[in-house]
Amino acid sequence: MLSSLWEAHLEQQEAAKPQGLGSREWGLVLRMARQQAPPWVNAAFLLFLLSLGGAIEIPMDPSIQNELTQPPTITKQSVKDHIVDPRDNILIECEAKGNPAPSFHWTRNSRFFNIAKDPRVSMRRRSGTLVIDFRSGGRPEEYEGEYQCFARNKFGTALSNRIRLQVSKSPLWPKENLDPVVVQEGAPLTLQCNPPPGLPSPVIFWMSSSMEPITQDKRVSQGHNGDLYFSNVMLQDMQTDYSCNARFHFTHTIQQKNPFTLKVLTNHPYNDSSLRNHPDMYSARGVAERTPSFMYPQGTSSSQMVLRGMDLLLECIASGVPTPDIAWYKKGGDLPSDKAKFENFNKALRITNVSEEDSGEYFCLASNKMGSIRHTISVRVKAAPYWLDEPKNLILAPGEDGRLVCRANGNPKPTVQWMVNGEPLQSAPPNPNREVAGDTIIFRDTQISSRAVYQCNTSNEHGYLLANAFVSVLDVPPRMLSPRNQLIRVILYNRTRLDCPFFGSPIPTLRWFKNGQGSNLDGGNYHVYENGSLEIKMIRKEDQGIYTCVATNILGKAENQVRLEVKDPTRIYRMPEDQVAKRGTTVQLECRVKHDPSLKLTVSWLKDDEPLYIGNRMKKEDDSLTIFGVAERDQGSYTCVASTELDQDLAKAHLTVLADQATPTNRLAALPKGRPDRPRDLELTDLAERSVRLTWIPGDDNNSPITDYVVQFEEDQFQPGVWHDHSKFPGSVNSAVLQLSPYVNYQFRVIAVNEVGSSHPSLPSERYRTSGAPPESNPGDVKGEGTRKNNMEITWTPMNATSAFGPNLRYIVKWRRRETRDTWNNVTVWGSRYVVGQTPVYVPYEIRVQAENDFGKGPEPDTVIGYSGEDYPRAAPTEVKVRVMNSTAISLQWNRVYSDTVQGQLREYRAYYWRESSLLKNLWVSQKRQQASFPGDRPRGVVSRLFPYSNYKLEMVVVNGRGDGPRSETKEFTTPEGVPSAPRRFRVRQPNLETINLEWDHPEHPNGILIGYTLRYVAFNGTKVGKQMVENFSPNQTKFSMQRADPVSRYRFTLSARTQVGSGEAITEESPAPPNEATPTAAPPTLPPATVGEMGAVSSTDATALPATSEATTVPITPTVAPTTIATTTVATTPTTTAATTTESPPSTTTRTKIQESAPDEQSIWNVTVLPNSKWANITWKHNFGPGTDFVVEYIDSNHTKKTIPVKAQAQPIQLTDLYPGMTYTLRVYSRDNEGISSTIITFMTSTAYTNNQADIATQGWFIGLMCAIALLVLILLIVCFIKRSRGGKYPVREKKDVPLGPEDPKEEDGSFDYSDEDNKPLQGSQTSLDGTIKQQESDDSLVDYGEGGEGQFNEDGSFIGQYTVKKDKEETEGNESSEATSPVNAIYSLA
């Protein structure tokens, strides 16, 4: 009776697992309770464990984590056997956390390690990691030993593992002279390697002295100990020598032993290669056949010990003639197929991840046609300690009970030693609240003083385990962790959960109340979870209100409130219905919705389960969708989605669009047509292994003959519920034979199709399962690619249900290194990928993927070549040479990198270059990095599209699939002068019939020092063209006026800027047509649109042209009548913005007037206007679409980056933002519904970051007036001096020499041009130094000199630039002192 009650109690406890205990630990507790007796003792023990299961979990809230104190915990440490490279500094890691932050100290060989006394040893800040630095000398071997880290704060001490530090060693091979090895043909031979002992052990491989690998097969192979075994020696073995090589891991060095030379004694001295493939090769060469014997291991039996979790490697190498075959067996059982694999031509058996059940007797059988022999190996599996229950941190409240469990297993059974704060528990101060019971420490009535860190050390002769677990006692009143007064809104009749996360120590109890009432909410429609959440199973209107959660412990209480609002559900009460409509008619789909008025309702539509774009043919209202002019593309399923922020409802309908039909000639044709009815009564007959006959009865065709039947199938193993097309049959049949695949549980259905559409699917047939078979194919698209530098991911396309052919479809994945031709590695995978780890960087692998099911394997798979992961290139191109080809291009030459430094597939060499500065002062340039790619392994390339007259910097890298390698040395180069771009904003104005004024701005890209402008112009009148005139201007002149010789003729002006290299790009503009000319009729557009700046069009009495960029296509202008239309551009200029308007007009025959384009009859877009600034542009256009039409603005920069902006028609103007200064853009506007309806493509340029639009100071009226006032003042002074002289005053008389005056403009001498602001320019005529400062005039002649000096000079535009000073020959002056007074004009210039 007690036993049954106890079992019933245990069953209840299985469902009542305490919070904080895992399922595995709780199951172990219950098993222990069941195994113990008597039942009442077990019950007491279980209740005790239940009381221990309530340990406190600290929430992840940072505010709580930072406030609570915590003993130290080791978070990172070095491995137990720490082998280091002697060439590097030594790093021994030890990281720990705690509050307060712990301090660290170390022991070495169980003695305190004083770090301060050793200058080479330091400890990282806020860490216990040791760094031993050998840059100043020292031997790493001096620091070998066993290290242990201690992390301590005031609540305890945590320990790291005992870290055994060893320095890697790669000793040299001892010197030895090896005599030739003489052996009789057919005899066995062992070449011993005996490599020098290294740390870690080296990798052994055999090669010839010429570094050719030794070909290995079942006759000649290398053993696990490194020796080379010949089962029998043949004469061809003498053709090479044999050298053992040892590769050491850390130092990456290879030691080579002196080679062995073989001398084979034979009865058949001729090595006839034809005998190698002879069926009886040995007898043909006179070699006696003999039974097998073991070369390794010796004797008939041996034993081997292996540790649990390691790999077991058993090896049998036999001699004999012919070469024996090796087979492996396990006595009393089978080899573990999931862990066993054969290596070295079946001479080795490897069992991975050994466990205790792998112990026993294994034997290898060596056999040939002469006999067989066997060797038995007794395998014993031992085990280093491994965890059953690792101690975990224990957080308790004052007065609570708890326990630490340290349970481990091993072979032999490990011993357990407890420590506290790094000291043995026996020597620690006694604690009456602590009791040690073997592998468990029990704490009762814990107090704050019980905080400490406990260590459990379990060990046997094969190793040890060390674990830290702290005991922390917290005394924390209840705290709420969620925001206060939350609002929860929920839909009526739904399930909801109100969360109330809390924390406290001891663990608080939580209760819920509604609207401040005293009754606790639990049971019925409410359920309270252990974490404090309150679940309401079905929300009703009366559940609305304020809910309060109260957490209480002995230290106090905390509460929080949650307000719950109940909302009505959203429902579609008038759903859209299926409709059939003729093309061109109007269709309305209804969707009427009822929802909670306090929630915002959104109604949207889907077409074929994709968002529906509402074009100008559609109108969406709150309760319907109207489609005007239905077309074939409107056919499909329409879904109305009514949603609020809390819920949604859906309703779907199908729209069928009928094409226009001819007038019916009979009664049947006049009947409405519809989709056919579904087929029915499906029946399976003629059941065969790979086929079945399906028969059905057709449904009504609904006045449209059935054209096709589509048979679909569904299988219930791989994709249950998903239907796939099987085959298609003509509409005249109702029975068909279906070809089937093995091991598929088929179910079929049929769909009828006519010209209206498809029927609903028929009801499914009964199921039919075919018998299984091995796969007849393998997965396709097998690839091997690295996702990291040290792995290779093998992927393939998984096979579907119809190609699986049997249950438990899986894939056998094999791989091996392509160069070494090692034995195949294999693994069985159930998915579609497998990752091979620890691979070298970018090496080729041979890959095979074979399908297998329970009936057998598929055919032999094809071999695919894959590559492991790439790493970043390690080297940069060297000897980079730059040669300037012209003003915009350079040629590069470099030394290619070695292939082993690419560490992947060399994609390209890449040059990064940027414009450092311009050789022109005050010219802002963009230093944005650009790149030029040179695909493949090449040593040279060309970089073009550079800016002339600029300083550049350049770096080169190698690029593989992973990315860029290191950068090369930075190279600097300078591009020479080039020709300038076209002058900007060329404007032709005609204020009256006699005068034409021209104005322009400096080129955007001078590309050198401007020396002037060239203007060519010619008069034309219809087909008559006058003589071309040429004018040259200084670089500062940006205006020109001319008188019209003929008031009827028009003028065509072509303007270009010049540097020392030559004339740059020209811009052409024509004078406006007289206002009384007739307006020609515009022809319909037939040519593609031209680019802005290709030619000018007159829109008023002022005409403005914008220069075409180098990317623009130039359209020549001819003064003849052409029946085509070209795009012309009108641009208006203001001091801050530039407008470009594109219109379409035909060229006129003789004159050109303002052409106002009328709106075309069909839907189109015209008159696109662009108002650009340096970083933005405003766009407007005209169109004749209906209201609400959507447009798309598409623009592309000179780097070919395309961007689009969807806009509404009424949203004009549209602003394009984030543009780049000085960049050229192409732009068009098109209809979102029909991309074929588009504007002409226009080109515009944003302004540069600097402006220089002010006129020359010499042409300003105020400056001319000031100079006239100064001249008048000088004249008055001269008259006064003359009057004084005529009255008898004596003045020194000296001869004067006429000195030629300076040039009109000092800038014209060297062709320079200052691009700084006009406000910073010196007055005209002052002498400007190279650095831009104004020097005082050197002359200090008297007033008399000005009375008799040279004349002032005026240039073409009337500005006064004459020099007022004339130098004197001071050698003729009386004495060495000057008697002249200081010139007032000089004083004025000095002040200027």
Side-chain angles (χ1 to χ4, degrees), residues 487-496 539 565-658 675 757-758 760 1163 1183 1185-1194 1203-1212 1214 1229-1235 1237:
L487 171 63
I488 304 296
R489 297 186 296 177
V490 66
I491 296 297
L492 185 67
Y493 305 127
N494 279 3
R495 178 190 298 261
T496 191
I539 292 292
E565 292 184 357
V566 181
K567 304 295 182 181
D568 292 329
T570 302
R571 293 291 179 265
I572 299 176
Y573 65 91
R574 177 67 67 86
M575 302 181 182
E577 298 179 350
D578 294 346
Q579 297 191 37
V580 178
K582 291 184 179 181
R583 186 175 61 183
T585 60
T586 299
V587 172
Q588 186 177 50
L589 300 173
E590 283 191 310
C591 182
R592 300 190 178 183
V593 184
K594 180 180 180 181
H595 70 289
D596 193 290
S598 63
L599 300 177
K600 181 181 179 182
L601 175 67
T602 302
V603 179
S604 59
W605 289 85
L606 306 177
K607 181 179 183 295
D608 297 331
D609 298 326
E610 297 291 336
L612 175 65
Y613 171 70
I614 307 296
N616 57 354
R617 293 188 303 106
M618 297 184 182
K619 182 179 180 182
K620 185 175 78 71
E621 297 177 332
D622 293 339
D623 56 357
S624 65
L625 172 68
T626 305
I627 306 176
F628 301 96
V630 172
E632 284 83 352
R633 64 176 180 272
D634 296 324
Q635 179 169 299
S637 63
Y638 289 79
T639 305
C640 175
V641 182
S643 59
T644 65
E645 56 263 42
L646 298 182
D647 68 336
Q648 69 174 17
D649 196 13
L650 307 176
K652 180 179 290 188
H654 192 276
L655 173 62
T656 303
V657 180
L658 301 179
R675 292 184 293 170
S758 301
H760 292 293
Q1163 291 180 332
H1183 64 90
F1185 287 82
T1189 304
D1190 290 342
F1191 296 94
V1192 177
V1193 178
E1194 176 186 278
K1203 296 182 180 180
T1204 57
I1205 301 177
V1207 296
K1208 295 284 186 181
Q1210 61 270 22
Q1212 298 189 46
I1214 302 303
V1229 181
Y1230 61 86
S1231 169
R1232 184 170 179 178
D1233 292 334
N1234 188 352
E1235 189 173 344
I1237 303 178

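At least one side-chain heavy atom of Cys640 sits less than 4.5 Å from a side-chain heavy atom of Trp605. With a 4.5 Å cut-off on side-chain heavy atoms, Leu612 and Leu625 count as touching.
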Stepwise side-chain contact (heavy atoms from CB on, under 4.5 Å) check, Ile627 with Leu655: CA-CA 11 Å; Ile627 306 176; Leu655 173 62; 4.2 Å; yes
Evaluation steps, side-chain contact (heavy atoms from CB on, under 4.5 Å), between Phe1185 and Ile1237: CA-CA 11 Å; Phe1185 287 82; Ile1237 303 178; 3.5 Å; yes
Trace of the side-chain contact (heavy atoms from CB on, under 4.5 Å) decision for Asp634 with Met618: CA-CA 11 Å; Asp634 296 324; Met618 297 184 182; 4.0 Å; yes
Stepwise side-chain contact (heavy atoms from CB on, under 4.5 Å) check, Ser643 with Thr570: CA-CA 7 Å; Ser643 59; Thr570 302; over 6 Å; no
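Applying the 6.0 Å contact sphere to CD of Glu577 captures no more than 12 heavy atoms from other residues, nucleotides or ligands. For Tyr613, the OH atom counts as densely surrounded, since its 6.0 Å shell holds more than 12 non-hydrogen atoms of other residues, nucleotides or ligands.
Within the structure, every pair that satisfies the salt bridge (charged side-chain N to carboxylate O under 4.0 Å, His left out) test and touches residues 602-614, not counting sequence neighbours, is listed here: Asp609-Lys652. Residue pairs meeting the salt bridge (charged side-chain N to carboxylate O under 4.0 Å, His left out) criterion with at least one partner in residues 587-600, sequence neighbours excluded, are Arg574-Glu590, Glu590-Arg592, Arg592-Asp623.
Of the candidates Asp568, Leu599, Val593, Thr644 forms a side chain to side chain contact (heavy atoms under 4.5 Å, CB included) with just one, namely Leu599.
Remark: side-chain polar atoms of Lys620 are paired, donor with acceptor, to backbone N or O of Val603 under 3.5 angstrom. No donor-acceptor pair closer than 3.5 Å links the side chain of Gln648 to the backbone N or O of Thr602. Side-chain atoms of Glu565 never come within 3.5 Å of backbone atoms of Arg489 as a donor-acceptor pair (strictly under, hydrogens ignored). Of the possible polar contacts, one joining the Asp649 side chain to the Ile572 backbone as a donor-acceptor pair under 3.5 Å is found. A donor-acceptor distance shorter than 3.5 angstrom exists from the side chain of Thr585 to the backbone of Lys582, with no hydrogens or angles considered.
With rounding to the nearest 0.5 angstrom, the CZ atom of Phe628 is 5.0 Å from the OG1 atom of Thr626. Rounded to the nearest 0.5 angstrom, Glu645 CD and Leu601 CG are separated by 10.0 Å. In this structure, CG on Leu646 lies 12.0 Å from CG on Leu492, to the nearest 0.5 angstrom. With rounding to the nearest 0.5 Å, the separation of OG1 in Thr639 from NE2 in His654 is 10.5 Å. Summarising the geometry, atom CG belonging to Asn616 is positioned 12.0 Å from atom CZ belonging to Arg1232; distances are rounded to the nearest 0.5 Å. Thr496 OG1 to Ile539 CD1: the interatomic distance, rounded to the nearest 0.5 Å, is 5.5 Å.
Minimum interatomic distance between Arg617 and Ala631 (heavy atoms only, all atoms of both residues): NH1-N, 4.5 Å. Among all heavy-atom pairs drawn from Thr586 and Gly629, the shortest one is OG1-N, 4.3 Å. When all heavy atoms of Ser598 and Lys567 are compared, the pair lying nearest together is OG-NZ, 2.9 Å.
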